[in-house]
2 protein chains.
Amino acid sequence: MAKPTNKIIDSSTEEKIKEAAKKLFTQKGFNAVKTREIAAASGINLALLNYYFRSKQKLFEIVMAENLFAFKNGMSNVLNDDHDDIFVKIEKMASYYIDTLKVNPNLALFVVNAIHDNQHDIFDDKLDPLQKSRNNFAKQFMKSIEEGKITPINPIHILSNIIGLIVMPFLAKPMMLKRLKISDKEFTSAMEERKKLIPIWIKAMLKIN
Amino acid sequence: MAKPTNKIIDSSTEEKIKEAAKKLFTQKGFNAVKTREIAAASGINLALLNYYFRSKQKLFEIVMAENLFAFKNGMSNVLNDDHDDIFVKIEKMASYYIDTLKVNPNLALFVVNAIHDNQHDIFDDKLDPLQKSRNNFAKQFMKSIEEGKITPINPIHILSNIIGLIVMPFLAKPMMLKRLKISDKEFTSAMEERKKLIPIWIKAMLKIN
DNA sequence: GTCTATATTCTGATAGAC
DNA sequence: GTCTATCAGAATATAGAC
């Protein structure tokens with residue numbers, strides 16, 4: 001009889017390293033995290049990190065790709081109802097984005113840096129779970145314009161606006177806390193408010209009847 | 001007769017290092033840039049970097065402060081008219097921001113990285129040329145709320161919104177060009193549009209009478 | 001697979017000749 | 001002021017015993 005493998009609760013060394021790395025990279029970014037720190041956090045020996053992942057860079061890429069995939073996967077579930085009104089979709093999108101960034105405040109910076117590194121191969125997943133939702137959203141948007149519900153607008157603007165309103169406070173968070181003299185708790189609470197406000201603002205922008 | 005010094009076209013070693021450093025730090029952030037890289041890019045010897053600037057950190061701070069000071073100085077000129085309506089101010093702010101980012105599209109990424117490097121001491125200039133404008137803007141904003149022209153709103157939101165709408169497209173530019181299949185020219189043209197659109201959107205958000 | 005010990009590389013900084 | 005050579009330390013990566 002073969003030795004049983006546990007694919008559900010994977011507490012293998014490999015998985016332990018990945019979990020610790022995910023947490024650290026996500027919180028602190030690539031450069032600030034040291035391999036010894038990852039080894040310590042996952043309770044494994046430093047040498048095993050290279051045994052399993054060849055290099056810190058490779059580990060980083062794997063972990064972040066998984067982060068991004070998980071996010072997209074979740075987002076695709078959030079947007080799966082094709083009967084949702086477009087503003088309901090935007091509201092769900094904002095909520096899911098903000099919940100993710102609250103837990104994972106470095107993800108935004110990672111993505112922005114990856115974009116500027118011309119590493120946006122990371123976004124060309126062969127099996128991008130968001131592709132369908134994105135296409136549906138675009139179609140729905142064009143239809144709303146045709147029906148006169150939305151003032152015609154260059155897609156670059158609507159994309160910039162939705163993403164900008166959601167993501168920017170997280171990118172600027174450390175400065176905002178300092179400049180506006182607010183606590184982490186107040187920041188989080190303001191982000192909760194934005195879940196409702198952003199769809200309202202977007203609606204106002206698009207001059208809905 | 002003393003040797004003439006050229007203070008207008010300063011091609012001194014010191015200046016060459018600063019220019020190369022400015023470009024690299026702006027593109028890649030503090031940690032990702034190595035002193036050897038700066039030396040190579042400026043065509044000088046590595047030792048001279050420390051000779052002139054004592055340390056990488058010191059060089060970074062000087063360069064960063066200059067970048068930011070130039071921007072803030074320009075912005076303060078733009079916002080100098082206290083009789084401007086608050087939405088005129090926002091329009092001028094958007095224009096100046098966008099013009100800066102068009103020339104220096106990496107400045108945004110640079111600032112965001114600096115913020116997350118906990119190097120935002122750099123923003124605490126002793127002689128911040130924007131301080132007065134910022135205070136005036138805040139006062140004007142509060143007054144508009146008192147007068148019922150603007151729905152009361154948490155300052156974190158208005159700050160996030162203005163900066164987010166202006167800056168995000170530049171942060172996401174490489175992805176946007178690819179995802180939306182648009183040219184650099186079309187992007188630039190859309191950014192020109194935003195100079196007018198952003199104040200309109202902000203106005204809509206704030207439910208002006 | 002896991003560990004200890006160590007090799008190797010990278011990086012900021014400096015000493016000292018010119 | 002500028003260069004060559006090099007140090008000191010940190011950090012990544014690997015060899016080899018178990």
Side-chain angles (χ1 to χ4, degrees), chain A residues 2-7 9-65 106 110 113 117 119, chain B residues 2-7 9-65 110 113-114 116-119 121-122:
Chain A
K3 195 161 62 171
T5 60
N6 188 343
K7 295 215 173 187
I9 302 172
D10 192 345
S11 60
S12 66
T13 299
E14 189 174 347
E15 203 55 33
K16 278 193 286 184
I17 296 172
K18 247 167 36 177
E19 281 313 307
K22 191 171 291 189
K23 192 174 173 189
L24 287 169
F25 281 140
T26 299
Q27 285 172 347
K28 305 168 62 173
F30 181 78
N31 281 315
V33 176
K34 304 308 169 191
T35 52
R36 281 167 173 77
E37 199 179 355
I38 297 171
S42 49
I44 58 100
N45 186 277
L46 173 61
L48 291 178
L49 193 153
N50 290 80
Y51 174 76
Y52 281 107
F53 298 98
R54 229 173 53 92
S55 74
K56 179 190 177 189
Q57 181 65 38
K58 204 75 200 150
L59 173 60
F60 179 75
E61 281 162 17
I62 289 169
V63 153
M64 284 309 200
N106 244 294
F110 162 72
N113 275 311
D117 250 7
Q119 283 174 349
Chain B
K3 194 160 63 172
T5 60
N6 188 344
K7 295 215 172 186
I9 302 173
D10 192 344
S11 60
S12 67
T13 298
E14 189 173 348
E15 203 56 33
K16 278 193 285 183
I17 296 173
K18 250 171 28 180
E19 281 313 307
K22 192 171 290 190
K23 192 174 172 189
L24 286 168
F25 283 140
T26 299
Q27 286 172 346
K28 304 167 61 172
F30 181 78
N31 282 315
V33 176
K34 308 305 169 189
T35 53
R36 282 167 173 76
E37 197 180 355
I38 297 172
S42 50
I44 58 99
N45 188 279
L46 173 61
L48 292 179
L49 192 152
N50 290 81
Y51 174 76
Y52 280 107
F53 299 98
R54 226 174 53 95
S55 74
K56 179 191 176 189
Q57 181 64 37
K58 205 76 199 149
L59 172 59
F60 178 78
E61 282 162 16
I62 289 170
V63 153
M64 174 62 160
F110 166 62
N113 274 312
H116 281 254
D117 252 4
N118 283 321
Q119 285 172 349
D121 311 347
I122 294 163

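Here is the naming used below: chain letters follow the sequence lines, and residue numbers restart at 1 for every chain.
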Engineer: If I take atom NZ in residue Lys34(B) and atom C1' in nucleotide dA13(C), what distance separates them, rounded to the nearest angstrom?
Structural biologist: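 Rounded to the whole Å, the gap is 15 Å.
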Engineer: Rounded to the nearest 0.5 Å, what separates atom CG in Leu49(B) from atom CD in Glu14(B)?
Structural biologist: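 Answer rounded to 0.5 Å: 11.0 Å.
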Engineer: Does OP1 or OP2 of dA13(D) have a side-chain N or O of Thr35(A) closer than 4.0 Å?
Structural biologist: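 So the side-chain polar atoms of Thr35(A) never come under 4.0 Å of the phosphate oxygens OP1 or OP2 of dA13(D).
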Engineer: What integer distance in Å separates Lys58(B):NZ from dG12(C):C1'?
Structural biologist: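 Taking atom C1' of dG12(C) as the reference, NZ of Lys58(B) is at 16 Å.
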Engineer: Heavy atoms within less than 4.0 Å of DNA chain C: which residues of residues 39-51 of chain B have one? Give them sorted by number.
Structural biologist: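 Nucleic-acid contacts, sorted: Leu46(B), Ala47(B), Asn50(B).
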Engineer: Figure out the CD/C1' separation between Glu14(B) and dG1(D), and round it to whole Å.
Structural biologist: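 About 12 Å, once rounded to whole Å.
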Engineer: Take the protein atom CG of Leu59(B) and the nucleotide atom C1' of dT11(C), then report the distance between them rounded to whole Å.
Structural biologist: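 From Leu59(B) CG to dT11(C) C1': 15 Å.
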Engineer: Under the salt bridge (charged side-chain N to carboxylate O under 4.0 Å, His left out) definition, can you give me all pairs with a residue in residues 35-55 of chain B, not counting sequence neighbours?
Structural biologist: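 Only Lys28(B)-Glu37(B) qualify under salt bridge (charged side-chain N to carboxylate O under 4.0 Å, His left out).
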Engineer: Heavy-atom distance under 4.5 Å between the side chains of Tyr52(A) and Leu59(A), does that happen here?
Structural biologist: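 Not in contact.
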Engineer: Whole-Å distance between dC10(C) P and Asn31(B) CG?
Structural biologist: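 Taking CG of Asn31(B) and P of dC10(C), I get 17 Å after rounding.
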Engineer: Taking the side chain as everything from C-beta on, heavy atoms only, tell me whether Met64(A) gets closer than 4.5 Å to Phe30(A).
Structural biologist: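 Not in contact.
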Engineer: For a quick check of understanding: with a heavy-atom distance under 4.0 Å over all strands, which category does Arg36(B) fall into, base, sugar-phosphate or nothing?
Structural biologist: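 Since a base atom lies under 4.0 Å of Arg36(B), the category is base.
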Engineer: Determine whether a donor-acceptor pair (N or O, by modelled atom type, separation under 3.5 Å) exists between the side chain of Lys34(B) and the backbone of Asn31(B).
Structural biologist: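 Answer holds: yes.
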Engineer: Can you measure from CD1 (Ile44(A)) to OG (Ser12(A)) and round to the nearest 0.5 angstrom?
Structural biologist: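 The CD1 atom of Ile44(A) sits 11.5 Å away from the OG atom of Ser12(A).
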Engineer: Taking any heavy-atom pair under 4.0 Å as a contact, classify Phe53(B): base, sugar-phosphate, or nothing.
Structural biologist: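 Touches nothing.
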Engineer: In whole angstrom, what separates Phe30(A)'s CZ from dC10(C)'s P?
Structural biologist: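 After rounding, the reported distance stands at 13 Å.
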Engineer: Distance check needed: dG1(D) P versus Glu15(B) CD, whole Å only.
Structural biologist: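 Distance check: Glu15(B) CD to dG1(D) P gives 13 Å.
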Engineer: Roughly how many Å is it from CD1 in Ile38(B) to C1' in dG12(C), rounded to a whole number?
Structural biologist: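 After rounding, the reported distance stands at 11 Å.
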Engineer: So that I know where these two stand, are Phe110(A) and Phe60(A) an aromatic pair - ring centroids less than 6.0 Å apart?
Structural biologist: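 Yes.
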